[in-house]
Amino acid sequence: MRLILLAAPGAGKGTQAEKLSKHFDIPTISTGAILRQNIKDGTELGKVVKGLIDKGQLVPDDVMIQLMNDRLSADDCKNGFILDGFPRTLTQAEALDHSDIKIDKVLNIDVPDEKIIARLSGRLECSKCATTFHKEYRKPAVDGVCDICGGELVVRDDDKPETVKKRLATYHEQTEPLLHFYADKGMLRTAHGQEEISDTTKEVLKVLED
Ligand code: AMP
């Protein structure tokens with residue numbers, strides 16, 4: 001299965017990607033996680049992208065296309081993959097479409113903006129393994145501590161309210177048009193983000209059967 005997860009920031013893409021990775025036994029390639037790791041490691045790429053990410057803006061297409069061409073040619077992607085966060089613009093989608101990498105399906109997780117703002121304002125991320133939790137919807141067993149690796153849970157810089165609004169505007173402007181791009185190709189499947197993560201996963205698996 002070669003799958004693109006296409007949804008607004010905060011719609012639960014990352015969590016569903018985790019579930020689908022296990023279900024299909026294929027890796028999730030999260031561009032946001034790759035970029036944040038580069039920032040943490042202080043790489044040249046990290047220095048270039050930090051300001052953009054903190055402002056809720058997109059990283060330039062040529063940088064992302066090169067990064068993904070390299071990543072998707074790695075051995076672990078041979079049996080399939082889940083793309084979380086790429087493509088995010090029509091230019092990126094067209095570059096992928098013209099490459100040798102063939103995509104089977106594109107999954108949209110539909111969540112209204114008001115719910116996204118509520119969700120992101122309570123989101124916590126593990127500073128070590130990047131697993132996400134939520135102050136209300138996915139509480140860790142111990143406050144401030146990751147259930148998986150024991151790392152400290154923090155609020156991501158780009159989950160601050162002003163940046164969230166900017167990220168949503170960027171999504172509507174630049175990424176939403178991709179829904180039509182893939183619907184026209186007959187590749188788009190849509191599930192609705194629900195209160196319970198497991199309910200969303202059930203619907204996701206069902207719509208992917210078609
Ligand atoms: P995410 O964790 O997927 O929400 O990504 C966090 C941030 O990384 C985004 O707000 C963008 O600034 C940047 N980013 C991630 N993927 C892409 C992409 N495909 N194109 C441009 N910027 C990206």
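This chain uses plain numbering: 1 for the first residue, then up along the sequence. Note that ligands are numbered from 1 as they come in the structure, with each ligand's atoms numbered from 1 the same way.
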message: Can you report which non-hydrogen protein atom sits closest to atom 22 (N) of ligand 1, along with the distance?
response: V59 N, 3.0 Å
- prompt: So, are D76 and R71 salt-bridged, with charged N and O less than 4.0 Å apart?
  reply: yes
field: K47 bridged to E44 by N-O distance under 4.0 Å
entry: yes
query: Which ILVMFWY residues can you reach from V142 by hopping between side chains whose heavy atoms are under 4.5 Å apart?
result: V145
- line: re atom 2 (O) of ligand 1, the protein heavy-atom contact at minimum distance is R36 NH1, 3.0 Å
Within residues 24-35 or reaching into it, pairs that qualify as side-chain hydrogen bond (donor to acceptor under 3.5 Å, both in side chains) - sequence neighbours excluded: S21-T28
- request: With heavy atoms under 4.0 Å as the rule, classify the contact between L35 and ligand 1 as side chain, backbone, both or neither.
  value: side chain
task: Give yes or no for whether the N/O distance cutoff of 3.5 Å, strictly under, is met between Q57 and ligand 1.
output: yes
- request: Looking only at distances, please establish whether an N/O atom of ligand 1 is found under 3.5 Å from an N/O atom of L58.
  value: no
statement: Nearest non-hydrogen contact to atom 19 (N) of ligand 1 from the set S30, G85, P87 belongs to G85
query: Just going by heavy-atom distances, which of M68, R167, K13, R156 is nearest to atom 10 (O) of ligand 1?
result: R167
message: Taking D210 first and then K105, would you say they form a salt bridge - that is, a charged N and a carboxylate O separated by under 4.0 Å?
response: no
- request: Could you list the atoms of ligand 1 found under 4.0 angstrom from a heavy atom of Q92?
  value: 18 (C), 19 (N), 20 (N), 21 (C)
message: Any carboxylate oxygen within less than 4.0 angstrom of a Lys/Arg side-chain nitrogen, looking at D97 and K185?
response: yes
message: Under a 3.5 Å cutoff, is there a donor and acceptor pairing between the side chains of N38 and T43?
response: yes
Side-chain H-bond candidate by donor/acceptor type, Q57 with T170, under 3.5 Å: no
statement: Looking only at protein heavy atoms, what sits closest to atom 3 (O) of ligand 1 is R88 NH1, 2.9 Å
- prompt: Starting from atom 16 (N) of ligand 1, which protein heavy atom do you reach first, and at what distance in Å?
  reply: T31 OG1, 2.8 Å
- prompt: Can you tell which part of K55 has a heavy atom less than 4.0 Å from ligand 1: side chain, backbone, both or neither?
  reply: neither
